[in-house]
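Worksheet for the structure shown next.
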Amino acid sequence: MNRIEPSELLLSQSVPASVLSSLDVAVLKHRGDMAFELVGETPEWLPRIWPAVKHTGRLYPAKDFLYLEHFIDDALEHWNHAESKWLSSGPWTEVDADGTDWVLEAVALTVNKTQLLLIKFPTTDHSTVRGLLQEGRNQGLEYSRLLKEVNKREVLLHCIVHDLSTPLASIKGSLTLLDEDNHVAPDGTELLQIGLNQVGKMQELIREILSTFARDVEPLLPHVVPASEAPSLLTCVSEVANVMKPVADIERVSMLVETDDVDSTETRVVADSPRLERVIFNLVENAIRHSPEQSEIRLKVEDRGGSVWTGIADQGPGVEADVMPRLFQKFGRGNQHSGKQGLGLYFCRITVEGWGGNIGYEPQKEGGSLFWFELPKPSVAMA
Amino acid sequence: MVRKKICLLGTSAVGKTSLVNRFVNNAFSEKYLTTVGVRISKKTIQIDSNRVEMLIWDLNGEDRFQKLSTSYLRGASGIFMVADGSRADTLESAKLIYRRVSGDVGKLAVCLLLNKADLQEDWEISDDDLANLKSEGWKIFLTSAKTGTGVEEAFETLASMLVPNE
Ligand SMILES: Nc1nc2c(ncn2[C@@H]2O[C@H](COP(=O)(O)OP(=O)(O)OP(=O)(O)O)[C@@H](O)[C@H]2O)c(=O)[nH]1
Ligand SMILES: [Mg+2]
């Protein structure tokens with residue numbers, strides 16, 4: 001081995017050998033034809049990542065480090081043209097035989113016409129950067145995990161609260177009817193009042209929960225069942241109409257399902273039936289709530305080729321113009337009202353849109369509201 | 001034997017390094033160690049009558065902290081675009097990165113890996129999204145570096161796209 005002593009090469013440029021070894025850098029001198037020789041002491045770590053240094057004095061870094069294949073082309077160019085400055089390969093990660101990662105950097109430079117290649121650990125600057133990068137990325141991951149968790153909980157919370165508030169509204173309605181129509185013997189009215197008070201308290205509580213957690217975060221997408229289990233929109237509408245009939249009766253509102261001879265198998269849509277029923281339920285309940293006595297609610301299902309359309313029309317006062325743009329937003333009707341209304345429509349929108357459908361509101365010419373939504377048929381959605 | 005350079009690209013923490021570790025060492029770690037610069041591994045596989053030495057360049061993730069230098073792609077024959085199926089935004093990043101690099105390096109064999117397929121609960125890519133991606137011409141694999149699902153198949157498919165058919 002004809003290893004060059006550092007004194008030969010570097011002391012002449014007044015760089016003491018001790019400086020070189022304290023820098024812990026592998027210094028390679030280019031002998032031409034991509035062959036290199038180690039100069040001075042072999043850093044202790046070098047054989048671990050470069051076993052060839054144990055066996056030979058002629059080293060071919062471009063062969064042994066795939067990463068340097070291109071860099072040495074660039075280095076040649078640099079040695080031939082740029083005299084003064086150095087050229088860095090940028091950091092790369094080398095894996096040793098034990099599977100340990102080593103972050104390294106190569107630097108090409110010329111010292112008194114000698115072409116040198118240094119292999120070293122990136123400077124502290126680099127390791128600081130690396131630490132910051134790792135930190136930033138960890139936090140980024142953590143952030144998206146938390147965001148997801150928060151979204152999940154929020155949607156879950158909304159659904160729970162919503163599910164609580166719907167039966168509560170009918171309990172309140174029933175108790176109020178009992179109260180007004182003097183169905184109850186005088187000694188029962190006190191109990192009835194207690195019941196009504198408690199219902200009121202619970203509604204207050206729900207309102208509080210909703211206003212506390214009313215944050216503007218995007219919800220999760222609803223889940224979609226396989227095409228073979230796609231529910232029929234017509235069947236769901238009829239189902240909900242049946243279930244809601246007693247409530248409509250209490251409010252003295254009649255309900256009519258218009259089907260125009262559509263076939264229930266023709267109205268299968270991308271959805272899952274419990275949630276689809278909840279969407280229809282919300283819209284029907286909304287319609288009942290806004291219907292005057294002796295009026296009529298019409299439910300309509302139409303096959304529109306690639307999709308199925310459903311409308312729920314009431315003869316109520318309709319939605320005020322200033323509310324319309326916020327109708328389907330979370331708490332669209334503002335926190336001063338019962339959170340329930342806004343939430344119901346919000347739930348309908350995120351669910352319907354999650355299935356790839358549309359939802360909307362139109363005032364009717366003859367007065368009253370028309371809420372509609374349209375869902376794709378499974379065959380079309382899969383195409 | 002033929003040598004082929006392939007690159008893994010995608011935003012950070014989608015599992016590029018983990019996929020390589022699964023394929024090359026059949027190992028997996030939950031710990032996240034972000035890759036600095038490039039990490040190169042080798043593995044030789046048999047495709048029909050060809051032995052293919054795959055030089056696998058695992059590049060640092062491109063994100064708001066760090067850009068990807070397309071010079072790393074020099075000499076590459078194939079690329080994997082990698083996204084994390086439990087974070088839909090990483091799919092958008094993958095598409096963006098691909099659009100940019102394909103301008104620089106021209107047409108290469110490319111497959112899209114939707115990784116972390118074991119995270120069923122958190123999966124954010126719907127069947128519709130998949131169908132859309134397919135119609136955009138992507139060759140897609142659902143992979144999990146954690147369980148190994150789809151990993152070998154993906155690497156072998158990409159390799160077979162790089163050697164001439166007989
Ligand atoms: N559950 C699960 N976790 C995975 C999977 N693949 C990777 N991970 C985890 O995701 C995190 C990031 O994985 P890496 O392989 O380091 O990601 P990378 O894309 O190389 O990241 P950068 O080098 O920063 O660009 C690690 O904590 C891995 O354990 C997988 O298939 N399933
Ligand atoms: Mg990595």
**OP:** Quick one: do B:Arg74 and A:Asp74 satisfy salt bridge (charged side-chain N to carboxylate O under 4.0 Å, His left out)? Show the steps, please.
**Re:** CA-CA 13 Å; B:Arg74 261 196 291 181; A:Asp74 295 344; 3.3 Å; yes

Can you establish whether the number of heavy atoms outside [X] located under 6.0 Å from its atom [atom1] is more than 12?
X	atom1	answer
B:Lys43	NZ	yes
A:Asp33	CG	no
A:Glu44	CD	no

Original post:
Of the backbone (N, CA, C, O) and the side chain (C-beta and beyond), which part of B:Ser86 lies under 4.5 Å from a heavy atom of chain A, both, or neither?
Top reply: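 The answer is both parts of B:Ser86.
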
**OP:** Measure B:Leu33 against the heavy atoms of chain A and call it side chain, backbone, both or neither at under 4.5 Å.
**Re:**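 When you check distances to chain A, atoms from both the backbone and side chain of B:Leu33 fall under 4.5 Å.
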
Subject >> Contact list for residues 107-120 of chain B, test side-chain hydrogen bond (donor to acceptor under 3.5 Å, both in side chains), sequence neighbours left out >> reply: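 Every pair satisfying side-chain hydrogen bond (donor to acceptor under 3.5 Å, both in side chains) with a residue in residues 107-120 of chain B: B:Asp84-B:Lys116, B:Asn115-B:Thr143, B:Asp118-B:Ser144.
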
**OP:** Could you grab the distance from atom CG of A:Asp101 to atom OG1 of B:Thr35, nearest 0.5 Å is fine?
**Re:**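 OG1 of B:Thr35 is found 7.5 Å from CG of A:Asp101.
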
Original post:
Which residues in residues 4-13 of chain B have a heavy atom less than 4.5 Å from any heavy atom of chain A?
Top reply: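 The stretch touches chain A at B:Lys5, B:Ser12, B:Ala13.
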
**OP:** Step by step, work out the side-chain hydrogen bond (donor to acceptor under 3.5 Å, both in side chains) result for A:Arg137 and B:Thr34.
**Re:** CA-CA 8 Å; A:Arg137 286 179 174 151; B:Thr34 191; 2.7 Å; yes

**OP:** Let me know if A:Glu94 has heavy atoms under 4.5 Å from chain B in its side chain, its backbone, both or neither.
**Re:**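 Neither part.
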
Original post:
Where is the tightest heavy-atom contact between B:Leu55 and A:Leu66, given as atom of each residue plus distance?
Top reply: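 The pair with the smallest heavy-atom distance is CD2-CD1, 3.7 Å.
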
**OP:** Kindly give the heavy-atom pair with the smallest separation between B:Trp57 and A:His70, and that separation in Å.
**Re:**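 That would be CH2-CD2, 4.4 Å.
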
Subject >> Validation row: A:Leu141, B:Arg87 side chains within 4.5 angstrom (heavy atoms) >> reply: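 They are in side-chain contact.
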
